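Source: prediction; values computed, not measured. Just so it is clear, the values below take in all heavy atoms, side chains as well, and ignore hydrogens, waters and symmetry mates. Nothing fancy with the numbering, it's 1 onward along the sequence.
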Amino acid sequence: MNKELITELDDTATALTQVVSSFEPQAFNTAPFPGSWTPAQVADHILKSLSGIPEIIYGKTKSTQRVPNEKEEGIKSLFLNFDIKMQSPEFILPENKTYDKSRLLKALQTVFAKIKDVIQMNDPEATCLGFEFPGFGYLTVYEWGRFAVYHTQRHIHQLKNIRQKLINGN
């Protein structure tokens with residue numbers, strides 16, 4: 001269970017790095033249409049949403065009284081449903097500023113490395129009590145890893161769409 005998750009975290013981090021790297025410097029901070037996030041803002045949102053995971057996993061936990069991956073399918077079907085538009089909580093909204101692509105890429109790589117480390121060093125079946133995930137409640141260490149994968153994959157899809165719009169101009 002954990003080995004597969006670590007592989008998927010690696011693959012997702014690599015895919016994210018590739019798509020973020022694919023933006024030309026001027027396009028990285030350009031919105032494809034009014035009201036849209038820039039590629040840089042999407043990357044910052046991903047960073048903000050993942051940055052708290054290591055602390056949650058290292059925080060207070062308890063023995064899980066359910067199947068430890070019970071919420072995985074719900075998390076997957078929510079975040080990989082590209083037909084719905086989601087509203088981000090305010091604390092993970094990106095700032096409206098110009099971002100440095102290399103700094104953001106380095107920060108994203110660092111946060112993925114930290115998530116992998118904490119997952120490998122903690123019981124994947126433990127329930128994390130540091131944050132109650134909206135709509136799902138408390139997640140296990142394993143489910144937090146799955147959230148990191150599916151949430152990032154959602155935004156990789158978004159970044160690819162933004163890139164196409166910036167290239168095609170529509």
Ser22 (side chain) donor-acceptor with Val19 (main chain) under 3.5 angstrom:
yes

Check the pair Thr140, Cys128 against side-chain contact (heavy atoms from CB on, under 4.5 Å), reporting the backbone distance first and the verdict last.
CA-CA 6 Å; Thr140 62; Cys128 303; over 6 Å; no

Using atom types as modelled and distance alone, determine if a side-chain donor or acceptor of Gln18 lies under 3.5 Å from a backbone N or O of Ala15.
no

Pi-cation contact, Tyr99 with Lys97 (under 6.0 Å, within 45°):
yes

Atom OG1 in Thr61, atom CG in Asn122: separation rounded to 0.5 Å?
7.5 Å

Tell me, yes or no, whether the heavy-atom count around Gln120 atom CD, taken from other residues, nucleotides or ligands under 6.0 Å, exceeds 12.
yes

Any side-chain heavy atom of Phe23 sitting closer than 4.5 Å to one from Leu166?
yes

Using modelled atom types and a 3.5 Å cut-off, is there a donor and acceptor pairing between side-chain atoms of Asp100 and backbone atoms of Arg103?
yes

Pairing donors with acceptors under 3.5 angstrom, does anything connect the side chains of Thr64 and Thr127?
yes

Using the rule given for side-chain contact (heavy atoms from CB on, under 4.5 Å), can you reason through Phe136 versus Leu78, listing the C-alpha separation, both sets of side-chain angles and the distance that settles it, and then say yes or no?
CA-CA 11 Å; Phe136 290 96; Leu78 176 67; 3.8 Å; yes

Is the backbone of Val149 close enough, under 3.5 Å, to the side chain of Thr152 for a donor and an acceptor to pair up by distance?
no

Heavy-atom neighbours of Lys114 NZ exceed 12 at 6.0 Å:
no

Side chain Glu143, main chain Glu70, donor-acceptor under 3.5 Å:
yes

Answer yes or no: is there an ion pair linking Lys48 with Glu90, defined by an N-O contact shorter than 4.0 Å?
no

Determine, using ring centers only, whether Phe133 and Tyr138 are less than 6.0 Å apart.
no

Quick one: CD on Glu24 to CG on Asn29, what's the gap to the nearest 0.5 Å?
13.0 Å

Find out if a path of hydrophobic residues (ILVMFWY) with successive side-chain heavy-atom gaps under 4.5 Å connects Leu129 to Tyr58.
no

Anything under 3.5 Å between a donor and an acceptor, one on a side chain of residues 33-42, the other on a protein residue two or more places apart or in another chain? List them.
{"unit_1": "Thr38", "atom_1": "OG1", "unit_2": "Ala40", "atom_2": "N", "d": "3.4"}
{"unit_1": "Thr38", "atom_1": "OG1", "unit_2": "Gln41", "atom_2": "N", "d": "3.0"}
{"unit_1": "Gln41", "atom_1": "OE1", "unit_2": "Thr38", "atom_2": "N", "d": "2.9"}
{"unit_1": "Gln41", "atom_1": "NE2", "unit_2": "Glu95", "atom_2": "O", "d": "3.1"}

Might you work through the side-chain contact (heavy atoms from CB on, under 4.5 Å) test for Asp10 and Phe112, ending with a clear yes or no?
CA-CA 8 Å; Asp10 279 335; Phe112 267 95; over 6 Å; no

Exam field: side chain Arg154 to backbone Leu80, donor-acceptor pair closer than 3.5 Å
no

Have a look at His155 and tell me which of His157, Gln153, Gln158 forms a side chain to side chain donor-acceptor pair (under 3.5 Å) with it.
Gln158

CG (Asn81) with more than 12 external heavy atoms under 6.0 Å
yes

Parallel, tilted or perpendicular: which fits the ring planes of Trp144 and Phe147, with parallel below 30° and perpendicular above 60°?
perpendicular

Thr30 (side chain) donor-acceptor with Gln26 (main chain) under 3.5 angstrom
yes

Short side-chain donor-acceptor distance under 3.5 Å, Tyr142 and Arg146:
yes

Hey, any chance Tyr150 and Val67 share a hydrophobic cluster, counting ILVMFWY side chains that come within less than 4.5 Å of each other, even indirectly?
no

Is it the case that the side chain of Lys71 and the backbone of Leu139 share a donor-acceptor pair, with hydrogens and angles ignored and the cut-off at 3.5 Å?
no

So, taking the atom named CG in Asn2 and the one named OG1 in Thr7, what distance separates them when rounded to the nearest 0.5 Å?
10.0 Å

